[in-house]
K.L.:
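Input: one structure, supplied below.
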Amino acid sequence: MTLSANKCQGARAKRKHMTVRTRFAPSPTGYLHIGGVRSALFNWLFAKQHGGQFILRIDDTDQQRNIEAALNPILEGFRWLGIDWDEGPQVDGPHGPYYQSQRRSKYEAAVAILLERGLAYRDFSTAEEVQAERAEAEKNQTEFIYSRRWMAESDEAAQRFEAEGRSSVVRLKMPREGQCEFVDLVRGPMRFDWSKEQDHVIQRADGTCLYHLANVVDDEDLKITHVIRAIEHLANTPRQIFIAQALGYELPAYAHLPFVAEPGSKNKLSKRKLDKYLKNPDFGTLYEYGMKVMRRLGKEPDADTFNPVIVDFYRDVGFLPEAINNYLLLLGWSLDDKTEDFTREEMIQYFSLDRVIKSPASFDPAKLLAFQQRQAGRLNPEERTEQCVRFLFEAGWVEAMPSSDMIDRITRLIQAAGDRIKIGGDILDYPEFFETEKPLEYEAKAFQKRILKPAEALPLLSSYRERLEAVSDFNASELEANLKSFVESQEIKIGQIIHALRVAVTGKAVGFGMFETLEILGRPCVLRRIDETLQYAKESMESSDS
RNA sequence: GGCCCCAUCGUCUAGUGGUUAGGACACCGGCCUUUCACGCCGGCAACACGGGUUCGAAUCCCGUUGGGGUCACCA
């Protein structure tokens with residue numbers, strides 16, 4: 001038998017007025033892989049663009065327990081990213097159930113049809129017997145093709161095998177000549193020899209069905225028109241086409257996406273190789289950033305999922321979902337030679353499968369960071385505050401419902417910070433604005449260089465303190481005018497006082513604009529910190545003298 | 001190993017026979033500046049290799065090399 005799928009390719013999809021339906025089918029593994037997100041995003045975009053539906057189907061198996069626990073992080077991840085599904089878990093729809101484990105009867109019915117049509121057969125071989133044939137073929141350096149020696153196509157044959165005490169699985173009776181042809185929407189025409197295909201098992205002795213059968217049946221049931229999935233599945237496509245055609249289904253259109261590769265390599269990005277990726281400087285920086293945020297929050301990250309390969313990581317440290325989406329969109333797809341910024345609407349409008357690149361794309365943490373930065377720059381003050389408040393609360397620096405005074409303070413702070421705060425967790429770099437009662441921790445080097453070393457630092461701070469006490473209105477512009485006049489009266493350069501002042505009131509060598517910093521801190525805090533600095537400097541000098 | 005896929009700056013990519021091979025990120029200079037960041041200006045940097053086809057190849061063909069995927073009673 002020769003099956004040529006090309007004429008049927010995408011028949012369902014091509015039918016006029018047929019709604020486009022795409023799907024993403026995660027296994028409940030407890031985490032959402034960044035590569036999976038990209039596949040889902042492409043499916044989602046394609047469906048939205050065509051006014052169709054995006055479906056989430058859960059490829060679980062019946063032996064898995066605790067489905068909910070393993071599924072929730074995945075669903076939450078998609079929700080956070082705004083990749084919503086029209087049908088699936090927690091949504092329902094006309095084609096449910098959306099869990100493979102609940103669809104067994106459908107698979108069994110399909111197997112029965114295949115058997116009846118002679119396109120599958122009961123096979124009474126044992127795993128060892130098939131393995132022996134495989135080994136034999138390998139020894140002779142020939143291609144392994146199952147002998148079908150334990151195939152039972154008649155009831156009599158079956159009874160004979162059963163009399164021997166054998167049990168049976170169901171195998172596909174795959175064609176052994178001809179070719180399977182289909183058009184891949186990303187890669188163009190594909191052609192595979194049927195003779196290279198095995199008689200794949202589709203049902204175990206205990207009656208449970210295997211993935212490929214389930215997959216094809218589900219896609220048919222869910223009226224999936226476009227199967228957009230990772231390249232790993234390309235080689236599986238012929239057998240799925242065989243199953244679909246054997247069952248009389250119209251074929252969906254296929255599109256195989258290149259995988260997301262490791263930073264700086266072409267290997268598939270894997271959750272398991274965190275240690276290896278950490279050696280990549282950019283990846284390491286990203287991970288370290290995450291660890292820093294966790295430390296500041298006093299949290300112990302889950303070693304299993306706190307990983308930049310997993311989408312939870314980004315949510316936990318304060319990335320914006322739009323940045324992730326935009327970055328992932330450009331990982332393997334481009335519109336033209338310059339457009340990089342896409343709103344959600346633009347993504348939907350412009351996405352197309354024919355501009356998906358064919359080769360794998362490495363995950364580049366530095367570029368993701370750049371998208372995050374750009375996206376953060378678009379936020380208005382309220383949104384920026386919103387982005388940070390969660391972290392302030394988790395750090396215990398503000399109440400769950402901050403007072404309006406506090407919100408105002410936070411807003412001014414974020415304004416002063418400007419683009420220094422790119423990621424939500426960045427706000428945690430500024431405890432000096434929140435833990436105002438605690439004594440400052442001075443950066444040793446800065447303290448030495450700006451306070452202790454210059455002979456004029458202490459006297460200047462001291463006399464500037466008098467000025468600050470007298471300032472009528474403790475706001476940035478007033479403070480600036482005041483400092484300028486102070487600088488003039490002292491006949492010094494502004495740098496001679498301002499660096500010392502910064503260390504004195506924040507403990508740090510670098511920070512926001514000086515006057516905004518003073519204003520936000522407020523007079524009492526500023527005066528107290530100058531006093532403390534003068535005191536601490538005195539002590540330091542005395543102890544180093546002795 | 002069989003089958004299949006892929007190949008442009010470090011990375012993401014544009015490019016479908018004629019371009020000084022374009023952009024972005026990163027990196028390196030400079031400017032701005034109270035520091036840092038931003039911003040601005042500038043710079044470094046690529047067609048894996050070898051054969052064809054052609055007046056002319058990053059672009060088309062063949063081969064080589066390299067990388068990857070897949071070959072389950074996993075999903």
Side-chain angles (χ1 to χ4, degrees), chain A residues 25-29 59-61 64 100 123 125-127 130-131 134 137-138 141-144 167-171 184 186-187 190-193 195-198 200-206 208-212 214-215 230-239 256 258-259 261 263-268 280-282 327 330-341 355 357-371 373-374 377 417-422 446 450 480 483 487 493-503 506 508-515 517:
Chain A
S27 300
T29 51
D59 279 12
D60 56 351
T61 61
Q64 272 174 310
Q100 274 192 344
D123 181 62
S125 65
T126 63
V130 174
Q131 189 49 46
R134 202 184 293 272
E138 201 163 317
Q141 304 220 323
T142 57
E143 254 169 62
F144 165 66
S167 59
S168 67
V169 298
V170 177
R171 287 183 185 275
D184 187 288
V186 170
R187 274 147 221 285
M190 294 286 124
R191 179 186 301 197
F192 295 87
D193 288 339
S195 61
K196 302 290 190 313
E197 290 288 320
Q198 297 299 326
H200 304 284
V201 173
I202 52 174
Q203 187 176 38
R204 299 185 183 92
D206 67 1
T208 56
C209 293
L210 272 71
Y211 169 76
H212 292 291
N215 195 56
I231 186 80
E232 295 86 301
H233 291 286
L234 180 61
N236 298 330
T237 306
R239 84 183 73 160
H256 289 96
F259 56 80
S265 115
K266 292 295 180 197
N267 295 328
K268 195 166 90 174
N280 173 284
D282 294 332
Y327 173 70
L330 272 322
L331 201 56
W333 179 85
S334 70
L335 176 63
D336 54 30
D337 60 338
K338 39 182 68 81
T339 316
E340 290 222 316
D341 272 355
R355 287 195 64 87
I357 204 79
K358 294 186 183 72
S359 50
S362 310
F363 176 70
D364 181 357
K367 187 134 186 173
L368 172 57
L369 225 43
F371 276 92
Q373 185 172 330
R374 191 149 47 186
D419 45 45
R420 292 173 189 83
I421 293 180
K422 306 173 174 77
R450 300 301 191 185
E480 179 165 6
L483 184 77
V487 163
K493 286 187 179 167
I494 195 163
Q496 288 175 271
I497 173 72
I498 215 157
H499 297 297
L501 184 59
R502 184 185 304 283
V503 175
T506 67
K508 295 174 178 174
V510 301
F512 312 151
M514 194 64 250
F515 308 106
T517 300

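Per chain, numbering begins at 1; letters A, B, ... match sequence-line order. This structure is a prediction, so every number in the text was calculated from the model and none was measured.
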K.L.:
Using atom P in both nucleotides, what's the gap between B:C27 and B:C38 to the nearest angstrom?
P.N.:
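9 Å, rounded to whole Å.
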K.L.:
So does A:Ser362 get a side-chain nitrogen or oxygen closer than 4.0 Å to the phosphate oxygens (OP1/OP2) of B:C12?
P.N.:
yes
K.L.:
So, is A:Arg134 near the phosphate of B:G2, with a side-chain N or O under 4.0 Å from OP1 or OP2?
P.N.:
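So the side chain of A:Arg134 is outside the cut-off, no N or O lying under 4.0 Å from OP1 or OP2 of B:G2.
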K.L.:
According to salt bridge (Lys or Arg N to Asp or Glu O under 4.0 Å), who are the partners of A:Arg355, at least two apart in sequence or on a separate chain?
P.N.:
none
K.L.:
State which residues pass side-chain contact (heavy atoms from CB on, under 4.5 Å) with A:Thr126; sequence neighbours excluded, sorted by chain then number.
P.N.:
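If we apply the side-chain contact (heavy atoms from CB on, under 4.5 Å) test to A:Thr126, skipping adjacent residues, the hits are A:Glu128, A:Glu129, A:Arg166.
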K.L.:
Using both distances under 3.5 Å as the test, list the Watson-Crick or G-U wobble partner of B:U20, or none.
P.N.:
none
K.L.:
Report each atom pair, protein N/O against N/O of nucleotides 3-9 of chain B, whose distance is under 3.5 angstrom.
P.N.:
unit_1, atom_1, unit_2, atom_2, d
B:C5, O2', A:Arg187, NH1, 2.8

K.L.:
Name all residues meeting the side-chain contact (heavy atoms from CB on, under 4.5 Å) criterion together with A:Ala446; count only those two or more places apart in sequence or in a different chain, and write none if there are none.
P.N.:
A:Glu443, A:Val503, A:Ala509
K.L.:
Write down the distance separating the C1' atoms in B:U35 and B:C41, rounded off to the nearest Å.
P.N.:
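Looking at atom C1' only, B:U35 and B:C41 are 22 Å apart.
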K.L.:
Sequence neighbours left out, what passes salt bridge (Lys or Arg N to Asp or Glu O under 4.0 Å) with A:Lys196? Give chain and number order.
P.N.:
A:Asp193
K.L.:
Of the options B:C73, B:C71, B:C25, whose atoms approach the side-chain atoms of A:Arg239 most closely?
P.N.:
B:C71
K.L.:
Tell me, for nucleotides 30-48 of chain B in 5' to 3' order, what letter each nucleotide earns: B for a base near a protein heavy atom under 4.0 Å, S for only sugar-phosphate near one, - for neither?
P.N.:
----BBBBS----------
K.L.:
Compare the minimum distances between each of B:G69, B:C25, B:C73 and the side chain of A:Ala127, then state the nucleotide with the smallest one.
P.N.:
B:C73
K.L.:
Is A:His233 touching bases, backbone alone, or none of the nucleic acid, heavy atoms closer than 4.0 Å?
P.N.:
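Result for A:His233 = base.
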K.L.:
Could you pull out all residues at least two apart from A:Glu480 that satisfy salt bridge (Lys or Arg N to Asp or Glu O under 4.0 Å)?
P.N.:
A:Lys484
K.L.:
In the structure shown, which nucleotide is the Watson-Crick or G-U wobble counterpart of B:A48, with both distances under 3.5 Å?
P.N.:
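Base partner found: B:U64.
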K.L.:
Which nucleotide wins on minimum distance to the side chain of A:Leu210, given the candidates B:C74, B:G10, B:A14?
P.N.:
B:C74
K.L.:
Mind listing the N/O atom pairs, protein and nucleotides 19-22 of chain B, below 3.5 Å?
P.N.:
unit_1, atom_1, unit_2, atom_2, d
B:G22, N2, A:Asp337, O, 3.2

K.L.:
B:C9 and B:C47: how far apart are their P atoms, nearest whole angstrom?
P.N.:
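B:C9 and B:C47 have their P atoms separated by 7 Å.
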K.L.:
Taking only N/O atoms, report every protein-nucleotides 57-65 of chain B pair under 3.5 Å with atom names and distance.
P.N.:
none

K.L.:
Under the rule for side-chain contact (heavy atoms from CB on, under 4.5 Å), what residues qualify as partners of A:Ala366, not counting sequence neighbours?
P.N.:
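A:Ala366: side-chain contact (heavy atoms from CB on, under 4.5 Å) contacts with A:Asp282, A:Asp364.
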K.L.:
When you measure from the side chain of A:Asp60 to the backbone N and O of A:Gln100, does any donor-acceptor pair fall under 3.5 Å?
P.N.:
yes
K.L.:
Which residues satisfy the side-chain contact (heavy atoms from CB on, under 4.5 Å) test with A:Ile231, sequence neighbours excluded?
P.N.:
A:Arg187, A:Leu234, A:His256, A:Phe259
K.L.:
Not counting sequence neighbours, which residues clear salt bridge (Lys or Arg N to Asp or Glu O under 4.0 Å) with A:Arg374? List them please.
P.N.:
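Salt bridge (Lys or Arg N to Asp or Glu O under 4.0 Å) list for A:Arg374, sorted by chain: A:Glu340, A:Asp341.
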